[in-house]
Amino acid sequence: MPELPEVETVMRGLRARLEGRVLARVRVGRPDLRWPFPAGLGQRLTGARVTGFRRRAKYILMRLDRGESLLLHLGMSGRMLIAPEQAGDPALHEHLSLHTDDGWRVGFVDPRRFGSVDLVPTEAEDAHKLLAGLGPEPLEAAFDAVALSAALRGRNTPIKAALLDQRTVAGLGNIYVCEALFRARLSPQRGADSVAGARAGRLVPAIKAVLTDAIAAGGSSLRDYVQPDGELGYFQHAWQVYGRAGETCGAACPGPPGCVGIRRIVQSGRSSFYCPRRQR
DNA sequence: CAAGAATCCTGTCAGC
DNA sequence: TGCTGACAGGATTCTT
C-alpha cells in the first residue's frame with residue numbers, strides 16, 4: 001500500500017481540493033471493497049460540506065459538517081484520482097466518486113479492493129474499531145526510544161515483523177521498515193526484544209528521518225500509485241535497499257572485497273531487503 | 001496471549 | 001505471441 005508518506009501526500013492533495021467544498025453529487029460504484037460500504041453512504045455524503053482532513057497511521061479522515069467523518073484506507077493498490085468534472089467516465093476500478101460544487105471529481109480507485117471506506121462520528125474518530133488499537137504516530141514526540149523500547153521488550157519476533165505490526169508504531173509498511181532498519185544498521189532478523197534499549201535509540205531517529213524525507217519528496221511512486229494530482233512522488237529513487245537485491249548498498253559501504261550485496265529474504269511472507277554487512 | 005500462515009483481489013512481469 | 005507462476009505498498013482472520 002501506500003505507506004504513511006504516500007497517505008500523507010494523498011491527504012494533503014485531498015485537503016487542497018476538497019476543504020470547504022460541498023459534495024454536490026456522489027457516485028457509488030461497486031460498494032464492496034474489503035468490507036461493504038456503510039449503509040446509505042451516498043445519501044450521507046451528498047450535500048455535505050467538507051470541513052477538514054486528518055491522517056492517522058495509513059488512514060485518511062475527511063470531516064463533514066454533519067458530524068461524521070469519512071474514513072478511507074487505500075489498501076495495497078488504492079489511489080485517489082482528482083480530475084475536472086468534464087473529464088468524463090469513471091476510471092476502471094473507480095468505486096467511489098465525489099463531485100464537488102466547484103466542478104471537480106475525486107475518485108477512489110482500487111483494483112485489488114483491499115482498501116476500505118467507512119463513516120465514523122467525528123467526535124469519536126479514534127474509537128473506531130480500525131483505529132482503536134493503533135500504536136503511536138511515528139512523527140510525534142511521544143514516539144521516542146523509551147516508548148519503542150517498551151513496545152518491543154519481551155517480544156519474541158523479528159524486529160521486521162514487530163515494526164510492521166501497527167500496534168507497535170502506526171504507519172510503517174514494508175518499504176519504510178526496510179529503509180529504516182538500513183539507516184539504523186539493524187538486521188531485520190534481529191529479535192525485537194534485543195532492540196529495546198540502546199538500539200531503539202538508533203532506530204527511532206532512523207524511522208523519523210526516512211518518513212520525513214519521503215514526505216518531503218512527495219512519497220514513492222509505485223506501480224499502482226500516483227499522487228492525487230497525477231504528479232509522481234520521487235522518493236523511490238532514494239531507496240537504499242528496498243527492491244535492490246544484488247546491488248551494493250551505496251557510497252557508505254566499502255563494497256568488495258567481502259561485500260555480498262543487498263540480500264532479499266522472506267519474513268512472514270514478505271520480502272525484506274538488507275545489507276548483511278552493515279546491518280547486524 | 002503471541003506468532004506465523006492463509007486469505008482477500010487484480011495486475012504486471014519474467015521466463016519459457 | 002501466449003501461457004504460467006511469482007510477486008506486489010496491507011491487515012484481518014484463522015491456526016498453531
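Order of the sequence lines fixes the chain letters, A, B, ..., with proteins taken first and strands second; residue numbering starts at 1 for each chain.
For C:dC7, the OP1/OP2 oxygens have a side-chain nitrogen or oxygen of A:R264 closer than 4.0 Å. A sub-4.0 Å separation between OP1 or OP2 of B:dA5 and a side-chain N or O of A:S268 is absent. Between A:S271 and C:dA8, a side-chain N or O to OP1/OP2 separation shorter than 4.0 Å is present. Contact between the side-chain N/O atoms of A:H93 and the OP1/OP2 oxygens of B:dT10 is not found at any separation under 4.0 Å.
Computed from coordinates, the A:R113 CZ to C:dT12 C1' distance equals 16 Å when rounded to whole Å. The CG-C1' distance, from A:L164 to C:dA11, rounds to 10 Å in whole Å. Atom pair A:L172:CG and C:dA11:P shows a separation of 10 Å (rounding to whole Å applied). The CD1 atom of A:I60 sits 15 Å away from the C1' atom of C:dG10 (whole-angstrom rounding). Atom P of nucleotide B:dT10 and atom CZ of A:R79 are separated by 16 Å, given to the nearest angstrom. Distance A:L33 CG to B:dC8 C1': 12 Å, rounded to the nearest Å. Rounding to whole angstrom units, CD of residue A:Q267 and C1' of C:dC7 are separated by 17 Å. A:W35 places its CH2 atom 10 Å from the C1' atom of C:dT13, with the value rounded to the nearest Å.
Under 3.5 Å, the side chain of A:R112 and the base of C:dA8 form at least one donor-acceptor pair of N or O atoms.
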Quiz prompt | A:S220 and A:Y176: CA distance, side-chain angles, deciding distance, side-chain hydrogen bond (donor to acceptor under 3.5 Å, both in side chains) verdict | solution = CA-CA 10 Å; A:S220 302; A:Y176 295 105; 2.7 Å; yes
Self-check item: Worked check of ring-ring contact (aromatic ring centres under 6.0 Å, His included) between A:Y59 and A:H73
Solution: CA-CA 5 Å; A:Y59 293 91; A:H73 193 288; 4.6 Å; yes
Quiz item: Starting at the 5' end of DNA chain C, what dot-bracket string do you get if Watson-Crick and G-U pairs under 3.5 Å are bracketed, crossing pairs use [ ], other-strand pairs use | and unpaired bases use dots?
Solution: .|||||||.|||||||
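Across all strands shown, A:N156 has heavy atoms under 4.0 Å from sugar-phosphate atoms exclusively, and none from any base. Residue contacts for A:R34: at a heavy-atom cut-off of 4.0 Å it reaches a base atom on one of the strands shown. Nucleic acid contact for A:L130: sugar-phosphate only, since backbone atoms but no base atoms lie under 4.0 Å from a heavy atom of the residue. No contact: A:R167 has no heavy atom under 4.0 Å from any strand.
Among the candidates A:E123, A:H128, A:E125, the single residue satisfying the side-chain hydrogen bond (donor to acceptor under 3.5 Å, both in side chains) test with A:S69 is A:E125. Shown are A:E8, A:E140, A:E3; of these, the salt bridge (charged side-chain N to carboxylate O under 4.0 Å, His left out) with A:R55 is made only by A:E8. Under the side-chain hydrogen bond (donor to acceptor under 3.5 Å, both in side chains) rule, A:Y274 has a single partner from A:R280, A:Q279, A:Q189, A:R264, which is A:Q189.
Going from the P atom of C:dA11 to that of B:dC1 covers 22 Å, rounded to whole Å. Spacing of P atoms, B:dA6 relative to C:dA6, comes out at 14 Å, to the nearest Å. Taking atom P on both B:dC9 and C:dC3, the two are 23 Å apart, rounded to the nearest angstrom.
Side-chain contact check for A:T100 and A:R21: no donor-acceptor pair (N or O, by modelled atom type) lies under 3.5 Å.
If you check B:dA3, C:dA11, B:dG4 against the side chain of A:R155, the one that comes closest is B:dA3. Looking at the side chain of A:K58, the nearest of the listed nucleotides C:dG10, B:dG11, B:dC9 is C:dG10. Side chain of A:T157, nearest nucleotide from C:dG10, C:dA11, B:dG4: B:dG4.
Where A:K129 and A:F114 each meet DNA chain C at their nearest nucleotide, the meeting point lying more 5' is that of A:F114. Nearest-nucleotide positions on DNA chain B for A:G154 and A:L92 put A:G154 closer to the 5' end.
Between A:E68 and A:T122, the shortest heavy-atom distance links the atoms C-OG1, 3.1 Å.
Every residue meeting the side-chain hydrogen bond (donor to acceptor under 3.5 Å, both in side chains) condition with A:D126, not counting sequence neighbours, appears here in chain and number order: A:R54.
Remark: the backbone N or O of A:S271 is paired with a side-chain donor or acceptor of A:K160 at under 3.5 angstrom.
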